[in-house]
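Proteins get letters first, then strands, A, B, ... in listed order; numbering begins at 1 in each. Predicted, not measured: the structure shown is a model, and the values here were computed from it. Hydrogens, waters and symmetry mates are skipped; everything else that's a heavy atom, side chains included, is used.
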Amino acid sequence: MSQASTAQIADLETLFGDPLAPAGELTYEAILAADAERRLVEAAETILSRWGFGAELVPERLGGRWRSTEDLVRRLLPIFRRDLALGLGHGITTFMAAVNVWLGGDERTQRDLAARLLRGNRVAVCFHELAHGNDLLQNECTATLVHDGAVRGWRIDGTKEVINNIDRAESALVFARTSDDPGPGAFSLLLWHKDASLSGGADTGRRVLTAGVRGCQIGVVTFDRLVVPEDALIGSKGGGASIALRAFQITRAVVSALATGTVDAATRLAVPYMRGRALYGETVWDLPHARLLLTRAWAALLVSDALARTAVRALHLRPDESYMLSAATKYLVPKLLNDAMHDLSVLFGSSFYAVTPPYGIVEKWLRDLTILPIGHAGSTSCLLSVIPYLPTWARRARKPAQHEPALFSTTADLGELPFSALGLGVGRVDSVTAPLRDETITSALRSAHPAVAGLVDRWAGELATLRDAAAALGPASLRPDATPEVFDLARRLTAVMAAGALLGTWYEGRSHATSPFSRTPVAIEAALLRLSELLGPAPHAPGAPLPAPSRVRWPQDVADAAAAHIASTTGAGLSLGVEEVAVTGPSRSPEERKS
Amino acid sequence: MNEAFHRAADIDKYLGDPRDPQARIREDDVLSADEESLFPAEAVDALNDWGVQRAYIPARFGGELDDALLPMLLIRHVARRDLTAAVAHGKTFLGALCAWPAGGDIAARMASIVDSGAAVSWGLTEQGRGSDLLHTQTRVDGSTLSGGKWPINNATRGRAMCVLVRTRPEIDARSLSLVLADKEEIDLRRVSYRPKVRTHGIKGADISGIDWDEVPLPPDRFVGEPGRGFETVLKALQITRPVCTALSLGAADAAVAAVLAFTSDRRLYGRGLVDLPTATAEAGAIVADMLIAEATAMVGARHVTAYTEEMGLVSALVKYVVPATVDTLFRNATQFLGARSQLVGTARAGAFQKAARDNRVVGIFDGNSVVNLNAIVNEFGAIARGARREADLQSLPAVLDAGAASQGLDFGRLRLLTKAGSSLLRAIPMLASLARRNASPDLTHAIAVFESAAAEVLGEVSAAVPAARPGAAHFELAQLVAETFAGACCLLVRAHNTVSSSLARDDAWAAAALGRICERLGYPLLGTTSACRALAGHALETSRRGTPVTLFEGWYAA
């Protein structure tokens, strides 16, 4: 960890305190009360403003605290361990806007935005139009360069919907059509500072209510001949789509990594629930099936965290590979995290459905996480980012790639993020799958964990099969109307990347103190079993002999060992994920607290 | 056609188009009431005016109940419009049920309460004990009721409750009894309530609690013999569990409607969503899951009268697999609909997020997945016995046909455990050969793979080692048995359905549905995607005609 900059920054875990404490500013109870009223916890927003949330989003070069993106993730995780809506709404949507400026803005624009963020200003992201979803290139909102006497500016017309913070943010980044041409060159990004409009206006007052992240102030903006200065343009005219797609690489990785915090907290909260709830003369903890549900959730968290952290580090270390890796991450991680929350909701059962203190927060987390694969960059759009490059990826993935320890290590010194090195397309080599091809790593894993040696071989085989299938795709099959079979290849690629990230993270973590892979042998076994649930056989064709079914069988002893590890880690006051670090609660049931 | 179908079509017409301002249950009202967690009082009154409650009372006590099909179809129509109202009204079916096998005065008394339209709840769970009924602490000494029940549907608003109570201190099945606590005949000063619980879905429902402080009951308020309460509850659950899946079907109807509307209206990447092959395959898979749920729920319902003795197993299979399938359907539909799936209160969008939250209640209450999987594991030995036994299954397709007349409901035939598992599971080879007639190559393939996958699953059940404490392997196998049962229900509907809808008369649905099930059993099939796309096409046509997507004809308003 690059400690130099982080040492003096207070830990949000400490500032927020124990979420199960009887009183406190950001307890689960306070979060639930705010959620019911569709607002964020005000006191928490104050804490974050004083702490300097805005500075986190500004690169060091521009006077902020953002150097290593993994450190940024670490510092913000305590928010997501408590309230995903607070993270997004305070929040991360400003980050999503700002990275476009760090990528595409000129020096003056960057300095200006940095100053605003350091003052605590927010920026809304005006990309989404409901009729077009993630299909940005069909967007109808327009910007036209107009001259009014000496004043030149962009007139914005149209509507953007489901926009977080649009009413309260001081600024908004608008994705608008600036040409009638078809194709990606017709769009530009405009940074609208509400205090610097030239004429006209915009109605931002209509709120949109959502089932998840109820505290977020999501709304609609209807532009009414709003004119913004000519220099509101970020980058060049027509460069909007290109900047936005490069910015997505950063946000797709970071948002995925942050969201693991919510599942970390939910998995830990399951421990006091299971221990405390009496059932059939025992407790829920004594039910083998319950321990399996807990284990599957944890295993999904490990896979998600390994992939997301790798994608975050890749921004610094392998920016040429980030485009594919980030898209894969934002597809697979939200899916796995939602599956984990589903398992946990089954485990919590009626204590999830009937919002029951102190476990009522689980119901909110489930609703909040549901928006993760939808908002920002939807799952399908992530697959569509990957699909056009599948054949190129297949070629590059044939080239030998060195195992790059820093990519998979939580101790890597990442330096500042090289924004200009982020491109579109496929990297020179495929570093994330390198561990699957590295004999040192695979044989170390096979010999240390003979029980899952077969799974290691299957993933290595899957990489080879997938490369061949992707290489055989013709250009006509790579468009948005791609067949389900092509989509399936893209899905399989995301899982292979996760397998590479998992093996690499295991290898680098297996002797590192904070890594679950050093703390228990069951971590890699459970993670591999969970990941291998995604490993389907080739579809069966009529007439072919029926192969053995390809279901993952969970041995009960894996579930038992995993559950024991989850309990001891939780009891020790540590987080779950690829880094087990100190957190403030919840580790004890309310009954235990009283004694 | 079964008379239940006519009654169902009638209530559909009575309730009207939810988007019509004159309808009795209106979508806008439903969504705003949900947002404010308001009880659907108006809808419940409308259901009473029509007489839905009469479907909860057996014919011999003056009602219309002679089969699970009638309450199921009625509840499905309500749930399609508002799952909260369906839960609020339908709970009386559950609350009253234990009185019918008891018979006599208590049944007549219950019948008159239900017939009046008053709500009856079922007081089983207590705070901190969940589904662990044996540890019930609410008690009756002599005829004095003490204790409390929580969380209970309609605990506060309901008039009466069928309460599971302790009548002996020992922790065993013989120590529990059922009593009728009717608020019209007890001292209300000794009754207090616990506040309405905030819930993930069915937010308007009265999920609350009640406490009795040494309340004297009138004499003869035992429902059934004292000491038989636990057994009566377990047997009643064998009927309520399949009936509850009607709620899943109603929720799935709402989801499928949203998905199909989106598919036909949406334009993406310069073309209609309907022209994107991946999108139509995904829509078709969602429809296929809905049809799997429908086939399983309907065939499961026919078991109540046709194979009553097997309900110990069948109720657990159905109650596990229908909600699980519909949960999966909702998760896929959420992805498919994108941002729309999350919007609250917007016309044509808000209904989905409500249905998604409401739907989860089915898998969690009245026997959650763990309870049902446990019940399936406990039946492994019986399933294995059945596999070794010769059986005459010739009449099975006809008696499980959704359109067949009811054979009459005989509570006396309910058994806690089956002798030989499920006849339907044993009939898979026979049904496979019937279903294969005139089948397309894709469907023939799906049937063949399903048949061998099913044989393998049942073989594993026969080889399973009984364990005092079932582990992960047992639970996984129980899930596979439930999926196999769902596949068998699909085969049956394909092979024998005298009330086929036009959708059911085509091969695409069965190829898609069996393909989805084969995949869950570990055998993805090459033809499933194209079957799903074809199914999406049929479903879109059906919904353009304004009829629900269903395998059965005649249960909805024409």
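Of all the listed residues (A/A482, A/P182, A/G360, A/A548), the one sharing the greatest number of non-hydrogen pairs under 4.5 Å with chain B is A/A482. When A/V486, A/D560, A/T483 are compared by the number of non-hydrogen pairs under 4.5 Å with chain B, A/T483 comes out ahead. Chain B forms more heavy-atom pairs under 4.5 Å with one residue of A/H342, A/R277, A/E161 than with any other, namely A/H342. Chain B forms more heavy-atom pairs under 4.5 Å with one residue of A/E282, A/R479, A/R291 than with any other, namely A/E282. Considering only heavy-atom pairs separated by less than 4.5 Å from chain A, the leading option among B/V370, B/V361, B/I207 is B/V361. Between chain B and the options A/A36, A/A544, A/S345, A/G543, heavy-atom pairs under 4.5 Å are most frequent for A/S345. Here A/P537 is the residue among A/A559, A/G536, A/A290, A/P537 with the most heavy-atom pairs under 4.5 Å with chain B.
Residues B/H200 and A/Y353 place their aromatic rings such that the two centres sit under 6.0 Å apart.
For chain A, no part of B/K196 is nearby; none of its heavy atoms comes within less than 4.5 Å. Heavy atoms of A/V552 lying under 4.5 Å from chain B belong exclusively to its backbone. Neither the backbone nor the side chain of A/E533 comes within less than 4.5 Å of any heavy atom in chain B. Contact of A/T295 with chain B is not made at all, since no heavy-atom distance falls under 4.5 Å. For chain B, the nearby part of A/L366 is the side chain; its heavy atoms alone come within less than 4.5 Å. Looking at A/R214, only its side chain comes within 4.5 Å of chain B, counting heavy atoms on both sides. If you measure heavy-atom distances from A/L292 to chain B, the contacts under 4.5 Å come from the side chain alone.
A pairwise comparison of heavy atoms in B/Y523 and A/P547 identifies CE2-O, 3.1 Å as the closest pair. Taking both residues in full, the closest heavy atoms of B/V197 and A/V355 are given as CG1-N, 4.2 Å, listed atom of the first, atom of the second, then distance. Residues B/T529 and A/P484 share a closest heavy-atom pair of CG2-CG, 3.3 Å. Across all non-hydrogen atoms, the minimal contact from B/R469 to A/P288 is NH1-CD, 3.6 Å. Nearest heavy atom pair, residue A/G212 against residue B/Q342, reads N-OE1, 3.6 Å. Annotation for A/D481 and B/P277: closest pair O-CG, 3.2 Å, computed over non-hydrogen atoms.
For B/E476, the CD atom is densely surrounded, since the number of other residues' heavy atoms within 6.0 Å is greater than 12. By the 6.0 Å contact criterion, NZ on A/K335 is open, its count of non-hydrogen atoms from other residues, nucleotides or ligands being 12 or less. Within 6.0 Å of CZ on A/R206 lie no more than 12 heavy atoms contributed by other residues, nucleotides or ligands.
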Item to complete: Walk me through it: do B/E460 and A/R553 pass the test salt bridge (Lys or Arg N to Asp or Glu O under 4.0 Å)?
Response: CA-CA 13 Å; B/E460 265 190 64; A/R553 301 286 177 121; 3.0 Å; yes
Discussion item. Run A/V346 and B/N368 through side chain to side chain contact (heavy atoms under 4.5 Å, CB included) and show every step you take.
Written reply: CA-CA 8 Å; A/V346 172; B/N368 59 29; over 6 Å; no
Worksheet entry | Chi angles and distances behind the salt bridge (Lys or Arg N to Asp or Glu O under 4.0 Å) call for B/E483, A/R551 | CA-CA 14 Å; B/E483 295 290 350; A/R551 297 185 299 267; over 6 Å; no
Worksheet entry | Test log, rule side chain to side chain contact (heavy atoms under 4.5 Å, CB included), inputs B/R198 and A/L32 | CA-CA 11 Å; B/R198 278 215 352 239; A/L32 280 176; 4.2 Å; yes
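Atom-to-atom distance recorded for B/C518:SG and A/L546:CG is 8.5 Å, nearest 0.5 angstrom. Once rounded to the nearest 0.5 Å, the distance linking CG of A/L209 with CG of B/L31 reads 11.5 Å. We find the CG-CG distance between B/L343 and A/L130 to be 5.5 Å, quoted to the nearest 0.5 Å.
Between A/E363 and B/R360 there is no salt bridge, since no side-chain nitrogen of the basic residue lies less than 4.0 Å from a carboxylate oxygen of the acidic one. Between A/D339 and B/R331 a salt bridge is recorded (basic side-chain N to carboxylate O distance below 4.0 Å). Looking at B/E35 and A/R38, a side-chain N of the basic residue comes within less than 4.0 Å of a carboxylate O on the acidic one, giving a salt bridge.
Taking the six-membered ring where tryptophan is involved, the planes of A/H289 and B/F475 are tilted, since the angle between them lies from 30° to 60°.
Using modelled atom types, one finds a donor on one side chain and an acceptor on the other under 3.5 Å when comparing A/S379 with B/Q335.
For the pair A/P539/B/L525, no side-chain contact is recorded, criterion being any heavy-atom separation below 4.5 Å from C-beta on. B/T278 places none of its side-chain heavy atoms less than 4.5 Å from the side chain of A/L383.
Listed for the A/Q556 side chain is a donor-acceptor partner under 3.5 Å among the backbone atoms of B/A472.
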